[in-house]
Amino acid sequence: MNNSLLKLNQVETYIGQYHILQGVSFEVRKGEVTVLLGRNGAGKTTTLRTIMGLNPASKGSIVFKGEEIQTFPTYTIAKRGIGYVPEDQGIFAGLTVEENMKVAIQKDNEETAKRMEWVLELFPDLKKFWKKPGGLLSGGQKQMLSIARAYVNENELLLIDEPSKGLAPIMVEKVMDSIMQMKDQTTIVLVEQNFMMASTIGDCFYIIDDGRTVSHGTMKQLKEDEEMKRKYLGIA
Amino acid sequence: MNKFADKRPAIIFLLFILLLFLLPFVYESRNLLILLTQIFIFSIFAMSYDLLIGFTGIVSFGHAMYFGLGSYSIGIFMKRFEPDMTYFLWAVLTTIALTAIVSFIVGLLTLRLKSHFYAMLTMSLAGLFLVLAEKWRTLTFGNDGFTFRVPELFIDRTNFYLLCLIGMAAVFFGLRRFVNSPLGRVLQAIRENEQRTASLGFQVLHYKIAASVVSGVLAGIAGILYAISLRYVNTSVFSMDITLDALLMTIIGGVGTLAGPIIGAGIIEFAHDWLTGLAKEHWIFERWIIFFGIIYILVVMFFPQGIVGTLRKIAWKRKKKSYPVKSEQKAAG
Amino acid sequence: MDLFMNLALNGLATGMLIFLLAAGLTLIFGLMDVLNFAHGGLFAWGAYSGLWIYSKTDSFLIGIIGAIVTGFILGIVTEKWIIKPVYGNHVQQILITLGLMMVLSEMLKVIWGPNQLTASPPDYLKGSWEIGEINLIKYRVFIIIVGLLVFAGVQFMLKKTKIGLVVQAGVMNKEMVQALGINIQRVFMFVFMIGAGMAALGGVLLGPYSGVIHAGMGMEFAILAFIVVVIGGMGNFKGSVLAAILVGLSGSFMAYYVPDLSLAVNMLLMAVVLIIRPQGLFSAKG
Amino acid sequence: MATLIETNDLSITFGGHTAVDSVSISVPEKHFKSIIGPNGAGKTTFFNLLSGQLAPTKGKVFYRGNDITHFSPTKRTREGIGRSFQITNVFPNLTVLENVRLAVQSQAGIRYQMLFHYKKYRHFEEKAIDWLRLVLLDEKKDSLASNLAHGEKRKLEIAMLLALETEVLLLDEPTAGMSLEEVPAILEVIKRIKNQGNRTIILIEHKMDMILDLSDSVMVLFNGRLLADGSPEEIMKNETVQSAYLGGHYE
């Protein structure tokens with residue numbers, strides 16, 4: 001397994017007394033988009049937060065590029081090369097788009113400048129609202145800013161939490177397009193409830209239910225497996 | 001067994017009071033008597049503070065204002081009118097009325113303000129009273145303060161000692177009853193989880209005001225006794241130091257217990273006395289508060305429940321260890 | 001006219017001193033959600049240490065620098081040992097910082113004695129400038145200039161530097177700042193240090209202004225600073241400078257016209273603000 | 001049976017987003033109804049409208065035929081609608097018994113009595129123990145609530161809710177955040193309450209086996225709308241429900 005970028009092994013996480021993750025294991029291969037599926041409250045968001053160290057794991061291991069990172073503080077994990085786009089986008093509302101990007105930039109060099117250019121090409125809207133406070137952007141623009149912020153650094157892995165949530169269909173398409181474009185350059189873990197979007201972008205999937213990974217496979221397999229869809233994503 | 005365990009502290013306390021009651025008749029030491037009187041007075045003050053911080057979960061930094069209101073009430077009545085029992089009673093009534101009004105208003109504010117703001121506001125209000133006492137010279141003689149005579153009954157140190165002792169015992173048992181009353185129980189629920197208390201159908205604000213008023217009035221009583229013991233009053237009764245005393249005593253002794261503040265008051269007054277004595281040997285002991293400050297910080301950080309609370313916790317753990325197996329099995333079944 | 005100018009100048013100077021204290025309080029509160037009741041202690045420490053160095057070196061400038069360095073050091077120590085262990089627990093924070101305040105004031109008495117010390121400005125700041133009818137006391141002008149410079153400096157830092165942007169971002173969303181690879185603990189320490197340094201600077205400037213310093217001055221000014229922080233809006237840096245000037249001016253004019261009410265008016269203002277507009281007068285956020 | 005709770009065209013809008021959209025249901029007395037629906041369907045919002053935490057933009061809530069749309073949560077509790085929350089919410093440093101006793105005290109309307117010792121009200125304590133017995137927690141009555149396991153805390157919370165003796169119980173995901181091992185105990189408690197047969201229960205849950213086992217009827221919310229309402233068997237067969245669940249947002 002040479003191309004394994006991230007590997008979770010029996011990860012358990014408590015939030016307060018809540019035993020949210022009760023055994024999550026999965027592996028992310030370089031260059032692929034791995035989609036985490038599962039119903040509301042199953043633990044998908046917590047899984048991403050645990051990877052980022054925001055809700056540290058109490059058991060199990062998280063290996064990123066051959067290094068165990070589960071005990072690292074969040075900022076170290078971020079510096080190792082994981083970008084995070086949270087569910088609520090985490091925009092600094094009082095700072096302008098420009099300032100939001102500035103806070104995000106870790107290394108101020110030519111490489112970053114190039115990436116910045118590329119990111120702005122990807123999201124021309126950001127350029128347009130460069131001096132506008134982040135809090136005044138529309139939902140879709142916030143989503144783009146959040147993705148841009150995670151992507152402007154040379155991150156090898158992006159964790160994106162429900163980018164389609166609360167967006168108008170036209171915006172969903174835009175966001176989807178941009179993720180499709182980034183797909184060639186970086187590895188992505190995507191949490192998505194919108195099955196259409198998930199199945200279009202994703203290469204493989206893991207299903208999380210009651211805080212455990214219960215099933216996985218390629219996206220193609222899932223599309224064909226009605227029983228699986230019914231059992232974990234549906235009501236039966 | 002449960003019933004006995006419940007009564008035990010009260011019985012111990014009663015014995016303790018009895019011993020103290022007999023003390024002046026068997027052991028004649030003016031200094032000790034005065035020191036103990038001081039301890040009783042500050043016990044009352046600290047217990048009143050604990051009702052807020054320990055039982056209701058409100059941090060006030062302005063407790064000195066009630067204390068000062070009591071001190072000035074008695075002082076002014078004794079000075080302006082006759083130092084007799086009638087005016088003593090008038091002073092008590094005035095104190096109760098004033099502290100009740102002020103604490104009612106302060107209690108109202110607890111509704112709106114988060115702990116930070118409330119602490120700040122009470123601190124500032126106490127500061128305001130301090131300024132008032134300094135500026136209203138016709139009544140208070142400003143910073144210099146004034147001496148006054150006290151009713152004959154209190155001139156005798158033993159009598160006054162007994163009065164303060166009875167006062168402390170009464171406050172102890174009264175507050176014990178209060179915190180164990182249905183209303184007092186709701187206060188503790190508020191300390192634990194305010195929203196939940198409200199969602200059980202209790203009007204949280206009413207309870208907080210009740211706690212504030214009871215606490216304020218008792219602090220005023222302590223202020224009266226304090227002024228009588230000195231036969232002198234000046235603006236220092238409104239100072240931050242008075243509030244700090246209550247804070248130190250309560251925190252070190254143990255919040256949320258009534259014995260805690262008494263033990264805290266005892267420790268601090270004794271240590272104060274002892275360290276001031278040592279000050280003749282080395283000047284650093286004059287700054288005794290520095291030791292207490294450091295101990296206090298350590299207590300807040302490592303033993304937030306104070307002496308009594310920590311002991312109780314240890315006892316609790318021991319008790320729990322004696323029958324864990326039984327309860328585990330039941331839980332599994 | 002002369003009287004008016006003098007009162008205004010006096011008020012502005014006092015306002016600047018309060019601002020130096022309140023600015024740190026408000027920044028620390030905004031970023032770390034900690035209300036530091038020991039902040040006045042840092043102020044008093046700045047005054048004592050700065051003036052001590054001034055008396056030893058005969059250079060006011062070195063005294064000022066010494067005070068700021070003392071503030072930095074105390075700030076770092078306080079953050080690391082006192083505040084960090086109780087992050088997130090408001091009641092403990094309030095109790096522990098008040099305890100620290102007590103220890104800091106007593107320490108002053110241990111080192112420099114319990115009596116008040118006198119202080120006077122260096123020769124080049126003594127006296128006044130006369131411009132026509134108006135008499136400008138040099139030292140007051142000096143305080144106002146220093147205060148404005150500090151305000152401009154902090155404002156520049158917040159707006160134009162990376163660390164300033166990070167501080168602002170931290171106020172809005174701490175988690176996200178960390179998820180972008182920034183060690184927020186270091187930012188906390190930095191802000192605490194800056195805040196303590198400003199308080200210490202305020203302290204050392206106060207000495208020659210009021211002529212005497214004493215261990216209780218920290219508490220006195222802390223109460224004024226609390227008032228300012230509340231009026232300006234907790235965590236609102238710009239609001240704090242406006243509120244500080246307001247409190248300084250009102251104090252100065254009231255002290256002249258109705259001396260007995262000067263502190264009472266500020267308290268009353270704070271009480272009213274807390275009850276009617278707890279987010280502060282100058283705060284845009286609801 | 002008589003209708004106990006009824007909603008009529010109930011809607012709430014948050015800044016252009018309609019979280020609950022014209023939902024009309026009626027729940028008879030002593031009925032057990034479950035609410036299901038995918039992420040963001042508006043289940044908890046709907047609960048908040050029933051319990052008074054939120055006020056509707058449109059529509060009405062009736063309880064025993066009376067319009068209670070504008071009642072506060074406290075008032076609704078006193079009228080007879082009690083609810084549990086998704087987040088555990090007990091008094092951590094009080095004993096388990098004391099937690100429930102406070103609820104019993106509130107139910108009895110003893111609120112400002114301050115002169116008598118609480119032990120004077122011995123029957124409160126007995127009643128509290130009865131409730132604890134019902135939720136299988138009586139053995140732990142002298143433990144501090146903070147020492148309970150998570151599942152036990154949820155049980156304690158249910159006991160506190162029961163002690164308020166409200167006619168209606170709104171249970172919001174009682175098994176949320178629980179280890180799988182703890183779930184059966186909660187299920188057992190809910191079954192016991194149901195078997196007592198004197199309460200009307202509305203439950204939000206995502207554990208389907210649990211719902212099918214307990215419910216008299218199931219309603220499905222989707223994007224804030226009432227998609228279906230019927231017996232568990234009917235719901236299972238319903239085509240619309242299935243396609244909605246399978247992420248058909250854009251089909």
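Just so it is clear, the values below take in all heavy atoms, side chains as well, and ignore hydrogens, waters and symmetry mates.
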**Student:** Measure distances from B:Leu121 to the heavy atoms of chain C and classify the residue's part below 4.5 Å as side chain, backbone, both or neither.
**Tutor:** both

**Student:** Can you tell me how far CE of C:Met219 sits from CG of B:Asp241, rounded to the nearest 0.5 angstrom?
**Tutor:** 8.5 Å

**Student:** So does B:Phe141 have more than 12 non-hydrogen atoms from other groups sitting under 6.0 Å from CZ?
**Tutor:** yes

**Student:** If you count every heavy atom of other residues, nucleotides or ligands that lies below 6.0 Å from C:Lys238 atom NZ, does the total exceed 12?
**Tutor:** no

**Student:** Provide the closest heavy-atom pair for C:Phe37 versus B:His116 in the form atom of the first, atom of the second, distance.
**Tutor:** CZ-O, 4.3 Å

**Student:** Measure distances from B:Leu132 to the heavy atoms of chain C and classify the residue's part below 4.5 Å as side chain, backbone, both or neither.
**Tutor:** neither

**Student:** Within this structure, what is the CD-CZ distance for the pair C:Glu106 and B:Phe291, rounded to the nearest 0.5 Å?
**Tutor:** 10.5 Å

**Student:** A quick test of your reading: do over 12 heavy atoms of other residues, nucleotides or ligands sit less than 6.0 Å from CE of C:Met172?
**Tutor:** yes

**Student:** Under a 4.5 Å heavy-atom cut-off, does chain B meet the side chain of C:Asn36, its backbone, both or neither?
**Tutor:** neither

**Student:** Residue by residue, which of residues 88-104 of chain C have a heavy atom closer than 4.5 Å to a heavy atom belonging to chain B?
**Tutor:** C:His90, C:Val91, C:Gln92, C:Gln93, C:Ile94, C:Leu95, C:Ile96, C:Leu98, C:Gly99, C:Leu100, C:Met102, C:Val103

**Student:** Check each atom of B:Leu244 against the heavy atoms of chain C and say whether the ones under 4.5 Å are side chain, backbone, both or neither.
**Tutor:** side chain

**Student:** List in chain and number order the residues that pass ring pair (Phe, Tyr, Trp, His ring centres under 6.0 Å) with B:Tyr226, two or more places apart in sequence or in another chain; answer none if no residue qualifies.
**Tutor:** B:Phe42, B:Phe67

**Student:** Would you compute the distance between atom CD of C:Glu220 and atom CE of B:Met240 and round it to the nearest 0.5 angstrom?
**Tutor:** 13.5 Å

**Student:** Hey, is CH2 on C:Trp112 packed in by over 12 heavy atoms from elsewhere, all under 6.0 Å?
**Tutor:** yes

**Student:** Between atom CZ of C:Phe226 and atom CZ of B:Phe61, what is the distance when rounded to the nearest 0.5 Å?
**Tutor:** 8.5 Å

